[in-house]
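Computed from heavy atoms alone, side chains included, the values below leave out hydrogens, waters and symmetry copies. For the single chain, residues carry numbers from 1 onward in sequence order. This structure is a prediction, so every number in the text was calculated from the model and none was measured.
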Amino acid sequence: MDRRMFVGALAAATAASSIAPPAAARAVPKARNVVLVHGLFADGSCWSEVIGRLQAAGLHATSVQNPLTTLEESVAAAQRALDLQDGPTVLVGHSFSGMIVTEAGVDPKVTALVYVAARAPDAGEDYAALAKRFPTPPASAGIVWSGDWGRLSEAAFLRDFAGDIPEAKARVLYAEQAPFERSLLAGKTTHAAWRSKPSWYAVSTEDRTIDPNLERFMAKRMGATTIEVKASHLSLISQPDAIARLILAAAGQG
């Protein structure tokens, strides 16, 4: 191929792609702060195993107590945590809170994004419509409603959410889950921080809450540095070493 043909092909390939190059191909800013956000059927304590490992590595970690009411209020809770950070910060989200990472990640303090078996919509995208392109995960049938507030049933929690967690521990996590408001599911992001920030993604290969192929699709679309973890949806609890290493890489310590 001569130079003119090569330049033309390169231009065409660039025009056809609207995602950023993988984070591994770019310089990773060093960060000493990590803000972690939990998703549905959980609370801020779900990050405890990961937090201990980050602290041992010298990072300052903050776990957000996500109100699980509306997307706007959930983003505001994450933003308050970001406002308290004293410098470059990695923003991490599990499950639903990938929506929050995608929205709040445009904050100038945020140097990298980490998605752990998480939603990663584009700006204004209907996530429910995107998810319908993939098989419906079993956990969806296990949501129990009390008015406008939802929780996972115990059977669905143990089988489809925390399938690789020892049963005694999974029952404790089930008891600790925070209910979410129905209106939360209607929210759409107005920004897609992954289009401008380096991103990392941990796919849970045994996930029964978000289809693993949907996770792979979102990770590939954002150009994320991606790992696959043989874990349930709760890889942050069953595989904390792998998740902590991913966050450390995003903080420039990998």
Side-chain angles (χ1 to χ4, degrees), residues 13-23 37-42 68 70-72 74-75 92-106 113-145 150 152-153 156-157 159-164 180-236 246:
T14 301
S17 175
S18 61
I19 62 175
V37 194
H38 70 85
L40 308 186
F41 322 126
L68 300 176
T70 65
L71 180 60
E72 293 78 11
S74 296
V75 169
V92 185
H94 172 242
S95 193
F96 177 87
S97 69
M99 302 273 291
I100 299 167
V101 168
T102 298
E103 183 76 4
V106 296
L113 314 171
V114 179
Y115 294 81
V116 180
R119 300 185 181 197
D122 205 345
E125 184 172 42
D126 184 340
Y127 177 83
L130 172 63
K132 285 180 180 177
R133 295 164 53 186
F134 297 83
T136 300
S140 299
I143 298 175
V144 178
W145 295 97
L152 267 188
S153 70
F157 193 101
R159 180 184 62 243
D160 302 324
F161 189 67
D164 60 346
F180 70 94
E181 193 169 3
R182 193 186 301 268
S183 57
L184 181 67
L185 303 180
K188 292 183 181 180
T189 57
T190 60
H191 301 97
W194 50 262
R195 288 193 171 274
S196 59
K197 303 287 178 79
S199 304
W200 282 254
Y201 199 109
V203 172
S204 284
T205 62
E206 312 304 306
D207 206 321
R208 293 171 59 87
T209 302
I210 296 179
D211 185 80
N213 283 327
L214 173 54
E215 295 177 14
R216 294 180 180 108
F217 168 83
M218 293 184 290
K220 183 177 180 180
R221 180 174 66 170
M222 72 171 71
T225 298
T226 303
I227 64 170
E228 297 215 349
V229 184
K230 186 176 175 58
S232 70
H233 195 58
L234 288 182
S235 59
L236 65 169
L246 190 69

Side-chain donor/acceptor pairs under 3.5 Å, residues 209-218, sequence neighbours excluded:
{"unit_1": "Thr209", "atom_1": "OG1", "unit_2": "Asp160", "atom_2": "O", "d": "2.9"}
{"unit_1": "Asp211", "atom_1": "OD2", "unit_2": "Asn213", "atom_2": "N", "d": "2.9"}
{"unit_1": "Asp211", "atom_1": "OD2", "unit_2": "Leu214", "atom_2": "N", "d": "3.4"}
{"unit_1": "Asn213", "atom_1": "OD1", "unit_2": "Arg216", "atom_2": "NH1", "d": "2.8"}
{"unit_1": "Glu215", "atom_1": "OE1", "unit_2": "Ser204", "atom_2": "N", "d": "2.9"}
{"unit_1": "Arg216", "atom_1": "NE", "unit_2": "Glu228", "atom_2": "OE2", "d": "2.6"}
{"unit_1": "Arg216", "atom_1": "NH2", "unit_2": "Glu228", "atom_2": "OE1", "d": "3.1"}

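Under 3.5 Å, the side chains of Thr102 and Tyr115 contain a donor-acceptor pair of N or O atoms.
Atom OG of residue Ser95 and atom CZ of residue Phe161 lie 6.0 Å apart, to the nearest 0.5 angstrom. One distance of note links CH2 of Trp200 with CH2 of Trp194; it measures 15.5 Å at 0.5 Å rounding.
At least one side-chain heavy atom of Val116 sits under 4.5 Å from a side-chain heavy atom of Ser235. Contact check for Leu40 versus Leu184: side-chain heavy atoms found under the 4.5 Å cut-off.
For Ser153 (side chain) and Ala156 (main-chain N/O), a donor-acceptor pair under 3.5 Å exists by modelled atom type. The backbone N or O of Thr190 lies less than 3.5 Å from a partner atom in the side chain of Glu103, making a donor-acceptor pair. Proximity of a side-chain donor or acceptor of Tyr127 to a complementary backbone N or O of Gly187 within less than 3.5 Å is not detected.
Heavy-atom minimum distance, Ile143 versus Gly150: CG2-CA, 4.3 Å. Closest heavy-atom contact between Gly105 and Leu113: CA-CD2, 3.8 Å. Smallest separation of non-hydrogen atoms from Ser183 and Thr70: OG-CG2, 3.7 Å. Glu125 and Pro121 get closest at one heavy-atom pair: OE1-CA, 3.4 Å. Among all heavy-atom pairs drawn from Thr189 and Met99, the shortest one is CG2-O, 3.5 Å. A pairwise comparison of heavy atoms in Tyr201 and Ala117 identifies OH-C, 3.7 Å as the closest pair.
Take Ala42 and apply the side-chain contact (heavy atoms from CB on, under 4.5 Å) test, not counting sequence neighbours, and it matches His38, Cys46. Taking His94 as the reference, His233 meet the ring-ring contact (aromatic ring centres under 6.0 Å, His included) condition, with sequence neighbours excluded.
Under 4.0 Å is where a charged nitrogen must lie from a carboxylate oxygen, and between Glu206 and Lys230 at least one such pair does.
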